[in-house]
2 protein chains.
Amino acid sequence: MLFLREEELRLAQDMLFFAYRDFTHAADEVLDGLELGRAHHRALHFIARMPGMSVSDLLSILGITKQSLSRVLTTLIEQGYVVQAPGRVDRRQRLLSLTAKGAALERQLFERQRDLLLRAYRDAGSTAVEGFRRVLRALTDETGQAHLAAMEAAARELRARSA
Amino acid sequence: MLFLREEELRLAQDMLFFAYRDFTHAADEVLDGLELGRAHHRALHFIARMPGMSVSDLLSILGITKQSLSRVLTTLIEQGYVVQAPGRVDRRQRLLSLTAKGAALERQLFERQRDLLLRAYRDAGSTAVEGFRRVLRALTDETGQAHLAAMEAAARELRARSA
DNA sequence: CAGTTTAAGGCAGCTTCATTGACTTAACAA
DNA sequence: TTGTTAAGTCAATGAAGCTGCCTTAAACTG
């Protein structure tokens with residue numbers, strides 16, 4: 001009984017490894033041709049999710065150091081994917097957003113992963129999808145859950161603004 | 001409608017990022033004290049899952065190059081976590097397995113992630129867990145699914161042998 | 001206003017984990 | 001015997017993270 005339970009958990013470790021790997025791999029193929037890596041993709045993704053976010057917000061979400069982000073962000077800005085604008089309320093901040101070129105690349109990367117996800121969701125069914133989300137959310141710590149809530153709020157706001 | 005759907009998928013991207021990060025982070029704390037990294041953990045994990053596997057099996061599962069694995073494996077062997085034994089049927093192979101010390105470390109790493117998973121499974125409920133597994137499996141490509149099947153078969157065999 | 005804190009960024013050096021390409025050795029298989 | 005396969009090695013390289021320390025400009029606070 002305990003044995004079966006442990007096997008289930010070990011299998012979950014396996015599955016997380018393979019699924020995450022294949023999922024990120026989908027975008028890698030696009031990135032490879034552009035001299036960009038996964039770190040650039042992650043930055044693009046979250047800037048797309050919350051346009052106008054500050055550098056420190058992004059740092060907190062990615063959980064890396066300022067110096068690590070710096071390299072990535074410098075490249076993205078130099079190559080015209082991302083722009084910075086001083087904050088209106090706090091002018092020390094440099095608020096990040098995507099250029100048209102950046103948005104186009106982000107969409108291309110998104111679509112690769114979207115196709116994978118859509119196929120998986122379709123194969124697994126809507127009940128399974130709901131469960132998938134519940135477990136993923138429960139696996140995420142408090143900080144991560146706060147970030148997730150911020151993502152959802154930002155998406156709602158974008159939707160309201162564009163409507 | 002399409003808009004909502006896309007938001008759901010983007011949120012899934014977010015969640016996979018945060019959940020995977022927190023999940024691997026659980027084991028990192030143990031590894032840090034031992035001068036070992038995630039790459040060592042991955043090797044330990046899969047050797048524990050399929051004791052007696054060949055080097056090329058492990059290469060195929062991890063999806064890295066021989067040289068990358070070589071560094072990791074050399075460390076694990078030198079520090080007494082892993083042993084190699086020539087294959088009985090094909091003596092070119094060096095079959096990998098954990099020492100008692102390796103098994104103890106792997107268990108310690110497993111237990112960190114197990115606790116996280118158990119809490120998440122408990123919070124999410126058994127229906128959600130079933131869905132979680134279905135989606136993860138569907139996200140995994142054919143190669144990965146073959147590896148998953150091999151894991152399950154190896155676990156069944158271990159269980160039968162120890163019974 | 002003076003002093004402190006904060007947001008962003010830069011410099012230098014380091015570590016981990018991956019890559020490629022070319023090569024060797026030993027064992028298997030035709 | 002010849003060719004292939006399993007494993008390992010060398011040298012060089014790249015991607016992505018890290019630490020510690022310092023600067024600038026803006027904001028906050030007494």
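None of the values given here were measured: they were computed from a predicted structure. Order of the sequence lines sets the chain letters (A, B, ...), proteins ahead of strands, with each chain counted from 1.
Of the possible donor and acceptor atoms, one in the side chain of A/T74 sits under 3.5 Å from a partner among the backbone N and O of A/S70. Counting only distance, with no hydrogens or angles, the side chain of A/S97 and the backbone of A/P51 share no donor-acceptor pair below 3.5 Å. Looking at A/S60, its side chain never comes within 3.5 Å of a backbone N or O of A/S56 through a donor-acceptor pair. A donor-acceptor distance shorter than 3.5 angstrom exists from the side chain of B/Q113 to the backbone of B/F23, with no hydrogens or angles considered. Looking only at distances, a side-chain donor or acceptor of A/D22 sits under 3.5 Å from a matching main-chain atom of B/D141. B/R91 places no side-chain N or O within donor-acceptor distance of the main-chain N or O of B/P86, the cut-off being under 3.5 Å.
Atom pair A/R92:CZ and C/dT5:C1' shows a separation of 8 Å (rounding to whole Å applied). Distance NE2 (A/H40) to C1' (D/dA16): 9 Å, rounded to an integer number of Å. A/Q93 places its CD atom 16 Å from the C1' atom of D/dT24, with the value rounded to the nearest Å. Atom P of nucleotide D/dA16 and atom CG of A/L73 are separated by 14 Å, given to the nearest angstrom. If you take CG of B/L76 and P of C/dT16, they are 14 Å apart, rounded to a whole angstrom. When rounded to the nearest whole Å, the span between CZ of A/R91 and P of D/dA27 equals 5 Å. Rounded to whole Å, the distance from CG on B/D90 to P on C/dA29 is 7 Å. What separates CG of B/D28 from C1' of C/dC17 is a distance of 13 Å, to the nearest Å.
Comparing the local axis fitted to the first five base pairs of the helix from C/dC1-D/dG30 to C/dA30-D/dT1 with the one fitted to its last five gives a bend of 30°, rounded to 10°.
Nearest approach of B/G80 to B/T99, heavy atoms of both residues: O-OG1, 2.6 Å. Taking each heavy atom of A/M53 and A/F46 in turn, the nearest pair found is SD-O, 3.8 Å.
Here the nucleotide nearest the side chain of B/R42, chosen from C/dA27, C/dC17, C/dT5, is C/dC17.
At a threshold of 4.5 Å between side-chain heavy atoms, the hydrophobic network of Ile, Leu, Val, Met, Phe, Trp and Tyr places A/L11 and B/F132 in one connected group.
Look at B/R71 and you won't find any side-chain N or O under 4.0 angstrom from OP1 or OP2 of C/dC17. Between D/dC18 and A/S68, a contact under 4.0 Å exists linking OP1 or OP2 to a side-chain N or O.
Where B/V72 and A/S70 meet DNA chain C, the nucleotide closest to each residue was compared, and A/S70 sits on the side nearer the 5' end. Of the two residues contacting DNA chain D, namely A/G87 and B/R94, the nearest-nucleotide position lying further toward the 5' end is that of B/R94. The nearest heavy atom of DNA chain D to A/V89 and to A/A39 marks one nucleotide each, and the one closer to the 5' end goes with A/A39.
The base of C/dG10 sits with one of its N or O atoms less than 3.5 Å from a complementary donor or acceptor on the side chain of A/Q67. Below the 3.5 angstrom threshold, one finds no donor paired with an acceptor across the side chain of A/Q84 and the base of C/dG9.
Taking the ring centre of B/F17 as origin, the terminal cationic atom of A/R42 falls outside the region bounded by 6.0 Å and 45° from the ring axis.
At a non-hydrogen distance threshold of 4.0 Å, B/S54, B/V55, B/S56, B/K66 from residues 43-66 of chain B come into contact with DNA chain D.
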